[in-house]
Amino acid sequence: MLPTLKNDVFLRALKRQAVPYTPVWLMRQAGRYLPEYRECRAQAGSFMGLASNPEYACEVTLQPIRRFDLDASILFADILLIPDAMGLDLSFVQGEGPKFANPVDSEQRVAELQAPDMEKLRYVFDAVTLIRQELGGKVPLIGFAGSPWTVACYMVEGGSTREYRKIKTMMYQRPDLLKQILEVTATATAVYLNEQIKAGAQAVMIFDSWGGVLPDGLFQQFSLAYTQKVIDQLNRQHEGEDIPVIAFTKGGGLWIKDIAATGADAVGLDWTMSLARARQETGDKVALQGNIDPMALFGSEESLRQEVRRVIDDFGPVGQGGHVFNLGHGISQFTNPEQVAVLVDEVHNHSKQYHN
């Protein structure tokens, strides 16, 4: 039996239920800005050594929860573990980011692509269960995966990119090949998230980090359609508990209505979109997550508090809506942890006026 949850404010906000304050967690909250994380990574020897060891993954997941009064934890993993299990051979090069030794960059490679045996990812599911046990019910645990489009960007490019030349060349020249990659990846992603749910994840999030690089029309066809396929296959209940789903597209404010229509419980937004406008466009049919600029953490304490208040005031009175405070994207590795404590404090204190 996994421990009973003590603080469910995050889950209630995702379901647009009454909460005493606006809950807060941060994308990449378990990461390089924490000295204890850097120590752990050094012990593990590599990023993959960290991510593929349930004990290490548990430790770094818990580190920000020990430091800050956050309302949710997020599994420490990487969005590229699925293609690694497909045989693309993932490694992380210092200063360059992820690299695949076997990218999917030809018709033959696409034809050979198959959803992986989930036993190859057993270390992720073991980590989820261990984290739930070690959290002791303090806060909920979020599981996650990358969107099929975002993961496919790395699979085709072979690593990080600023141009998206290879994948966009495939999209325009051979859309049939790209759709085959996306189909296989969407099926694998749904199974992967369902295994996380079975292992103990209490909410799941789909990170579409690169959906915003697509033109309008093609975003719906090559990104959103496959995020939709994942959401349609998710187990939304486990052992009598609802499992909320968050869909996040960086640069996706233009398509807020489309993303909200996927059936996700919440839509994550980056800092370019007004929360008030997002509420208006979605009619409070979904909760919203976001959306302070991560660089606001580099201002003075007062400017940071002011920016937190601005975001909360932009969302405004909760009414029938739900708001989870977060960054508009991942926290920078150069962030001072003391500023994170300031942010969390201001979110909790300032938001109480909007909650009964």
Side-chain angles (χ1 to χ4, degrees), residues 1-30 34 36 53-77 118 121-145 190-206 231 234-246 264-266 268 286-289 318 321-326 340-341 344-345 347-349 351-352 355-356:
M1 283 289 290
L2 293 171
T4 304
L5 186 60
K6 297 166 188 169
N7 173 0
D8 66 348
V9 174
F10 164 72
L11 296 178
R12 280 158 52 200
L14 289 180
K15 299 172 193 173
R16 294 178 290 119
Q17 296 173 354
V19 290
Y21 57 84
T22 299
V24 56
W25 70 278
L26 307 179
M27 289 188 263
R28 291 198 201 126
Q29 66 188 23
L34 293 177
E36 55 267 43
N53 180 303
E55 285 74 25
Y56 277 134
C58 177
E59 168 59 23
V60 295
T61 298
L62 295 176
Q63 284 171 352
I65 304 304
R66 295 190 193 114
R67 260 191 187 254
F68 311 116
D69 189 20
L70 295 159
D71 295 290
S73 59
I74 185 164
L75 165 70
F76 179 77
M118 285 296 145
L121 292 160
R122 176 56 50 194
Y123 61 88
V124 176
F125 315 132
D126 289 347
V128 169
T129 302
L130 181 60
I131 294 161
R132 277 291 309 275
Q133 289 166 344
E134 293 298 314
L135 274 170
K138 185 176 181 180
V139 293
L141 175 62
I142 307 165
F144 75 93
V191 176
Y192 177 64
L193 286 174
N194 282 334
E195 287 295 323
Q196 291 185 33
I197 291 166
K198 197 189 300 181
Q202 291 154 293
V204 293
M205 180 161 168
I206 301 168
I231 291 173
L234 291 180
N235 295 329
R236 306 293 284 271
Q237 277 208 329
H238 182 65
E239 296 184 346
E241 297 293 333
D242 291 334
I243 310 295
V245 178
I246 308 163
D265 298 277
V286 290
L288 300 176
Q289 180 174 278
V318 177
H323 182 207
V324 172
F325 196 98
N326 208 314
V340 175
V344 173
D345 176 69
V347 171
H348 285 160
N349 285 326
S351 65
K352 286 175 183 172
H355 300 272
N356 294 329

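Below, all heavy atoms of this structure are taken into account, side chains as well, without hydrogens, waters or symmetry copies.
Here the straight-line distance linking atom CG of Asn194 with atom CE of Met118 works out to 9.5 Å at 0.5 Å rounding. Of the inter-residue distances, the one linking Thr22 atom OG1 with Asn349 atom CG reads 11.5 Å to the nearest 0.5 angstrom. Atoms CD and CD, on Glu134 and Glu59 in that order, are 9.5 Å from each other to the nearest 0.5 Å. How far CG of Leu193 is from CD1 of Ile206: 6.0 Å, rounded to the nearest 0.5 Å. Distance CG/Leu14 to CZ/Arg12: 12.0 Å, rounded to 0.5 Å. The CE atom of Met27 sits 8.5 Å away from atom CD1 of Ile74, with the distance rounded to the nearest 0.5 Å.
Nearest heavy atom pair, residue Ala13 against residue Ala287, reads O-CB, 3.5 Å. Across every non-hydrogen atom of Ile65 and Thr61, the tightest pair is CG1-O, 3.8 Å. Closest of all the heavy-atom pairs between Val286 and Ala264 is CG1-O, 3.4 Å. What you find for Leu141 and Leu75 is that their closest heavy atoms are CD1-N, 3.6 Å. The minimum heavy-atom distance linking Val9 with Pro20 is given by the pair CG2-CD, 4.0 Å. Scanning both residues, Gly143 and Ala201, for their nearest heavy atoms gives N-CB, 3.8 Å.
With hydrogens and angles disregarded, a donor-acceptor distance shorter than 3.5 Å links the side chain of Gln29 to the backbone of Ala72. Remark: side-chain polar atoms of Ser73 are paired, donor with acceptor, to backbone N or O of Pro140 under 3.5 angstrom. Judged by distance alone, with hydrogens and angles left aside, the side-chain atoms of Ser351 form no donor-acceptor pair with the main-chain N or O of Tyr21 at under 3.5 Å. Within the 3.5 Å criterion, the main-chain N or O of Asp265 finds no donor-acceptor partner in the side chain of Lys15. Formation of a donor-acceptor pair under 3.5 Å by the Arg132 side chain with backbone atoms of Leu2 is not found in this model.
Checked against ring pair (Phe, Tyr, Trp, His ring centres under 6.0 Å), Phe144 has the following partners two or more places apart in sequence or in another chain: Phe207. For Tyr192, the ring pair (Phe, Tyr, Trp, His ring centres under 6.0 Å) criterion is met by Phe125, not counting sequence neighbours.
Results of the side chain to side chain contact (heavy atoms under 4.5 Å, CB included) test with Asp69 over Asn7, Val344, Val347 single out Val344 as the only residue that passes. Looking at Val204, Ile231, Ile197, Asp242 one by one, the single match for side chain to side chain contact (heavy atoms under 4.5 Å, CB included) with Arg236 turns out to be Ile231.
A heavy-atom distance below 4.5 Å is not found between the side chains of Val139 and Trp25. Counting heavy atoms from C-beta on, the side chains of Val245 and Leu234 come closer than 4.5 Å. With contacts defined as side-chain heavy-atom distances shorter than 4.5 Å, the pair Glu195/Val124 does not qualify. Residues Phe325 and His348 have side chains not in contact (no heavy-atom distance under 4.5 Å, counting atoms from C-beta outward).
Comment: Arg67 engages Glu36 in a salt bridge, judged by a side-chain N to carboxylate O separation of less than 4.0 angstrom.
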